[in-house]
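Just so it is clear: chains get the letters A, B, ... in the order the sequence lines come, proteins before strands, and each one is counted from 1. What you are looking at is a predicted structure, and each value in this text was computed from that prediction instead of being measured.
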Protein chains: 2
Amino acid sequence: MKYQKEHDIFTSFLKNGKSRITPERFLVLDSALDYKGHFGADELYINMRNNNVNVSRATVYNTLELIAQCGLIVKRNFGDNRTSYEKNFGLKNHDHIVCTNCGKITEFETPKIKKLVEEICKNLDFEFEFESYTFNIYGTCKDKNQCKKFR
Amino acid sequence: MKYQKEHDIFTSFLKNGKSRITPERFLVLDSALDYKGHFGADELYINMRNNNVNVSRATVYNTLELIAQCGLIVKRNFGDNRTSYEKNFGLKNHDHIVCTNCGKITEFETPKIKKLVEEICKNLDFEFEFESYTFNIYGTCKDKNQCKKFR
DNA sequence: ATTATTGCAAACGCTTTGCACTCCC
DNA sequence: GGGAGTGCAAAGCGTTTGCAATAAT
């Protein structure tokens, strides 16, 4: 199977949480892993419908949340009032540059940011359990072939 | 007048952009500056109505955008799929810790992040005009008196 | 058998839009 | 007087919810 390792991870995550193993959940997982780049829940739902993979909207939303919880995809937020997801490529953490004009998203690696986050959490004056962070840089990309502002 | 300086700044911003000076825009500005903490556009609109300051929803939304453009307030995004604003206190840049459980927002100062952003933008392999960044840390705050998870 | 999960459609919250009216320049 | 700005209500969009039907344990 194409995503055997991910299936195994998701399976044990579900069993661990006393959640049920359903075919729909794995259909969503496969589609999410197949998706190139960032995607919204609704976007994935439509995409699946178009490919004749019929899982209800509610199930897609719920399942993406589960897959994010178990770490196979990552939840993102690019300031457009919707939740985006993307495949998690393991340890290599990266953040995003977003063109506010054409929507282009560029990824960059930030070895320094992780230390900074740890440092900040450690120095707080109240107890805080870290979950995640978002670090986005916004601006305009001046890509003459793509960016609406400059072409 | 209470916010004379801000009125002046907004006035010249509007004139500069060949936009009109209207009473509604200054009602929104005053209400935004009076608001304690972060607020959404709709939240401000309701708040204004409650105080018998009657400006239409559309105008509140449009005007907040303008005020943010001229820098008197800052646009934020805390991962809840809505746009938040807050008064801009000038140079002292700060970022946010968000409790994903009770919604509490804690501000912290980050002298290091600005340098990091500059460094990243400088080393990109394409031309990019920086506008802003978001840096939020998510987790649970374990405030026994407030946080739903621990009380 | 029990009960979590599913599918569907309706409701939700925030935001944007269309259009006639207003009033700043 | 012209056109940007306003107000209102309706529509839009992504997301969540309620409930009956289904299927995993």
Side-chain angles (χ1 to χ4, degrees), chain A residues 7 10-29 31-32 35 38-49 52-70 73 75-86 100 103, chain B residues 7 10-29 31-32 35 38-49 52-70 73 75-86 100 103:
Chain A
H7 275 221
F10 196 35
T11 301
S12 47
F13 170 83
L14 291 173
K15 284 186 176 165
N16 231 301
K18 313 239 175 297
S19 299
R20 290 182 181 168
I21 312 295
T22 69
E24 289 84 359
R25 287 179 169 166
F26 290 90
L27 290 173
V28 176
L29 177 60
S31 303
Y35 209 100
H38 308 91
F39 57 92
D42 228 73
E43 197 177 337
L44 184 68
Y45 167 70
I46 301 297
N47 177 272
M48 290 173 73
R49 282 195 76 87
N52 293 312
V53 181
N54 290 307
V55 175
S56 76
R57 178 174 266 118
T59 299
V60 172
Y61 275 82
N62 291 335
T63 306
L64 285 175
E65 197 60 39
L66 290 170
I67 304 174
Q69 273 172 37
C70 92
I73 59 175
K75 232 172 158 169
R76 301 281 185 192
N77 204 294
F78 297 124
D80 56 353
N81 295 335
R82 62 180 209 144
T83 302
S84 287
Y85 296 90
E86 71 176 317
T100 55
Chain B
H7 276 220
F10 195 34
T11 301
S12 48
F13 170 82
L14 290 173
K15 285 186 174 164
N16 231 301
K18 314 240 174 294
S19 300
R20 291 183 180 168
I21 313 294
T22 69
E24 289 83 0
R25 287 178 171 170
F26 289 91
L27 290 173
V28 176
L29 177 59
S31 303
Y35 210 100
H38 307 92
F39 57 91
D42 228 74
E43 198 177 336
L44 184 67
Y45 166 69
I46 301 296
N47 178 271
M48 290 173 74
R49 281 195 77 85
N52 294 311
V53 180
N54 291 306
V55 175
S56 77
R57 177 175 267 119
T59 299
V60 172
Y61 274 82
N62 290 335
T63 307
L64 285 175
E65 198 58 41
L66 290 171
I67 303 174
Q69 271 172 35
C70 90
I73 58 175
K75 232 172 159 169
R76 302 280 186 192
N77 205 292
F78 299 123
D80 55 355
N81 294 335
R82 61 179 210 144
T83 301
S84 288
Y85 297 90
E86 72 175 317
T100 54

Visitor: Closest nucleotide of DNA chain D for A:S19 versus for B:T22: which of these residues is on the 5' side?
Guide: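 Looking at DNA chain D, the more 5' nearest nucleotide goes with B:T22.
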
Visitor: Under 30°, 30 to 60°, or over 60°: which ring-plane class applies to B:F10 and B:F13, parallel, tilted or perpendicular?
Guide: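 Ring orientation of B:F10 relative to B:F13: parallel.
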
Visitor: Are the side chains of B:R25 and B:P23 in contact, using a 4.5 Å heavy-atom criterion?
Guide: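 SC-SC contact between B:P23 and B:R25 ruled out.
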
Visitor: Which angle, rounded to 10°, do you find between the first-five-pair axis and the last-five-pair axis of the helix from C:dA1-D:dT25 to C:dC25-D:dG1?
Guide: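 The end axes of the helix from C:dA1-D:dT25 to C:dC25-D:dG1 are about 30° apart, to the nearest 10°.
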
Visitor: Checking all strands, does A:R25 fall into the base, sugar-phosphate, or nothing category for heavy-atom contacts under 4.0 angstrom?
Guide: sugar-phosphate

Visitor: Ion pair present between A:K75 and A:E65, side-chain N to carboxylate O less than 4.0 angstrom?
Guide: yes

Visitor: Anything under 4.0 Å to a heavy atom of chain B counts; send over the first and last such nucleotide of DNA chain C, read 5' to 3'.
Guide: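 The protein-touched segment is C:dC14 to C:dC25.
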
Visitor: Would you check if the distance from the ring center of A:Y85 to the ring center of A:H38 is below 6.0 Å?
Guide: no

Visitor: Could you tell me from which nucleotide to which nucleotide of DNA chain D, 5' to 3', there is an atom under 4.0 Å from chain A heavy atoms?
Guide: D:dG14 to D:dT25

Visitor: Any base atoms under 4.0 Å from B:N81, or only sugar-phosphate, or nothing? Heavy atoms, all strands.
Guide: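 Sugar-phosphate, backbone atoms only, no base.
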
Visitor: Less than 4.5 Å apart, side chain to side chain, heavy atoms only: is that true for A:Y45 and A:R49?
Guide: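 Touching, per the 4.5 Å side-chain cut-off.
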
Visitor: Across the strands shown, which category fits B:R82 at heavy-atom distances under 4.0 angstrom: base, sugar-phosphate, nothing?
Guide: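 B:R82: backbone/sugar contact only, no base atoms under 4.0 Å.
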
Visitor: Could you tell me if the side chain of B:K15 sits less than 4.5 Å from the side chain of B:I21, heavy atoms only?
Guide: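 B:I21 vs B:K15: side chains touch.
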
Visitor: Starting at the 5' end of DNA chain D, which residue's closest nucleotide do you reach first, B:N54 or A:E43?
Guide: B:N54

Visitor: Quick check against the 3.5 Å criterion: does B:Q69 have a side-chain atom that pairs as donor or acceptor with the backbone of B:L66?
Guide: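 Judged by distance alone, no pair lies under 3.5 Å.
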
